Amino acid sequence: MAPSRSRAPFLSLLTFSSLLPHSTWAFACNDIQAQGTHFNFKELGGPHMVHWKEEDLGHELMWKYNFTVDLCDSLKWHKGGNLATECHHGARVCGIRENIDLSTDNNSTITPIDIAGTYSTQTGRVIDAKFELLKDPKSNSDAGPEGVRAILNGGRFPFDSKKEGMNQRAIVEFVCDKERTGLEHAEKDESPREDDSKDGEKDGKENDGDKKEEKLSRREENSKCEDSDHSLRFCGYQEETEDKDKKVKTLRLEWRTKYACKDAPAVDGGSHWGFFGWFFIIFFLAIAAYLIFGSWLNYNRYGARGWDLLPHGDTIRDIPYIAKDFARKVVGTVQGSGSRGGYAAV
Ligand SMILES: *[C@@H]1O[C@H](CO)[C@@H](O)[C@H](O)[C@H]1NC(C)=O
Ligand SMILES: *[C@@H]1O[C@H](CO)[C@@H](O)[C@H](O)[C@H]1NC(C)=O
Ligand SMILES: *[C@@H]1O[C@H](CO)[C@@H](O)[C@H](O)[C@H]1NC(C)=O
């Protein structure tokens, strides 16, 4: 009748799973948490691309960048890819830079830049993703849009150089926009760039839009993001100073999507049951089946009545005392901060 032994594995399972969220080598894009608010960005998964062009006409140089982001998974290499044209395995944000020498025949070289990801087997650097609400709930100012900011780390360029390399990171601001899924004019990896002149035809919502237009332009006034109607926009790739004068080259993106709204539509409501939900349902169903079947057996075989009907009827009558005993043990364990330890039941 000693219940503590049988419950020990369950308790240790709870303790173990409470440690899991602290790991920083990955995050689940379908349950992103910022200051207690949950976001589901599953629909934004897959590789998405933005472009940027930088010129130094004085030196007759031009750099063309393709930045690719996959929020939900590490980026896969293209067929026949190699490290000369692809980021290292584990990258979730990758920049491909094309250096064009305008003084020669536009002679160009390609340089991949690892911006964010988890490179546990190469450099041991991890993405260490941090999420914060755009509108700080603690600050009293009303300013700031609704949404969440993601800070993704782990990149370095050049990748292996401890001395000369510079850390890289990506800061993506997911801004609530109820009229956008976040995939408008999305450029999936490999697809040719959308022709902006066709936007009106492709965007069916264009017509209902004086209000939308107004909102959009007001936002653009105080943002440095590229002027485009794409849901995912490039906002900068500059050296920034992290704490302690540490320089970090930062890719800034803005992603307008309804999934960043507080009342975002549920993408997959069912899966929130998770392991423990199903565990408890099955657990109680099993107990119910056991009690019913056991009672039926006792009734038929032994002609039992009342308490005697139930299998282990005397044990069930003891349950309040067992529970009290168990609670006392749990409290004792917590107060003794596990000094007793030694549940070697597994
Ligand atoms: C080189 O590229 C520039 C800008 O893209 C273009 O104007 C110029 O014609 C190109 N020159 C050659 C020789 O291809
Ligand atoms: C292109 O650049 C490489 C070195 O960066 C040089 O060896 C090559 O001769 C150049 N090609 C042309 C056509 O200028
Ligand atoms: C960048 O993307 C464009 C459009 O998808 C593609 O044509 C170009 O080859 C890419 N550049 C590099 C260096 O991968």
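The residues of the chain are indexed from 1 along the displayed sequence. Given the structure is predicted, the values throughout are model-derived calculations rather than measurements. Indexing begins at 1, ligand by ligand and atom by atom, following the structure's order.
Ion pair Glu54/Lys64 not flagged as a salt bridge, since none of the NZ, NE, NH1 or NH2 atoms sits closer than 4.0 Å to an Asp/Glu carboxylate oxygen. Salt bridge annotation for Arg256-Glu184: absent, with no cationic side-chain nitrogen under 4.0 angstrom from a carboxylate oxygen.
Note: no N/O pair closer than 3.5 Å links Glu98 and ligand 3 by distance alone.
Interface of His51 with ligand 3, defined as ligand atoms under 4.0 Å from a residue heavy atom, comprises 1 (C), 2 (O), 3 (C), 4 (C).
At a 4.0 Å heavy-atom cut-off, ligand 3 touches Ile110 through the side chain alone. Of all the heavy atoms of Lys64, none lies under 4.0 Å from any atom of ligand 3, so neither backbone nor side chain is involved.
Taking 4.0 Å as the cut-off, Met49 counts as a neighbour of ligand 3 on heavy-atom distance. Distances from ligand 3 to the non-hydrogen atoms of Arg97 include no value under 4.0 Å.
Pairs of residues two or more places apart, or lying in two chains, that qualify as ring-ring contact (aromatic ring centres under 6.0 Å, His included) and include a residue from residues 148-171 are His88-Phe159, Tyr119-Phe159.
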Q.
Test salt bridge (charged side-chain N to carboxylate O under 4.0 Å, His left out) on Arg233 and Glu226; report intermediate values, then the result.
A. CA-CA 6 Å; Arg233 297 195 296 173; Glu226 69 177 322; over 6 Å; no

List the atom pairs, with distances to 0.1 Å, where a side-chain N or O of residues 144-153 and a protein N or O form a donor-acceptor pair under 3.5 Å, not counting sequence neighbours.
from: Glu146; atom 1: OE2; to: Lys262; atom 2: N; distance (Å): 2.6
from: Arg149; atom 1: NE; to: Glu173; atom 2: OE2; distance (Å): 3.0
from: Arg149; atom 1: NH1; to: Glu132; atom 2: OE2; distance (Å): 2.6
from: Arg149; atom 1: NH2; to: Glu173; atom 2: OE2; distance (Å): 3.3
from: Asn153; atom 1: ND2; to: Ile127; atom 2: O; distance (Å): 3.4
from: Asn153; atom 1: ND2; to: Asp128; atom 2: O; distance (Å): 3.1

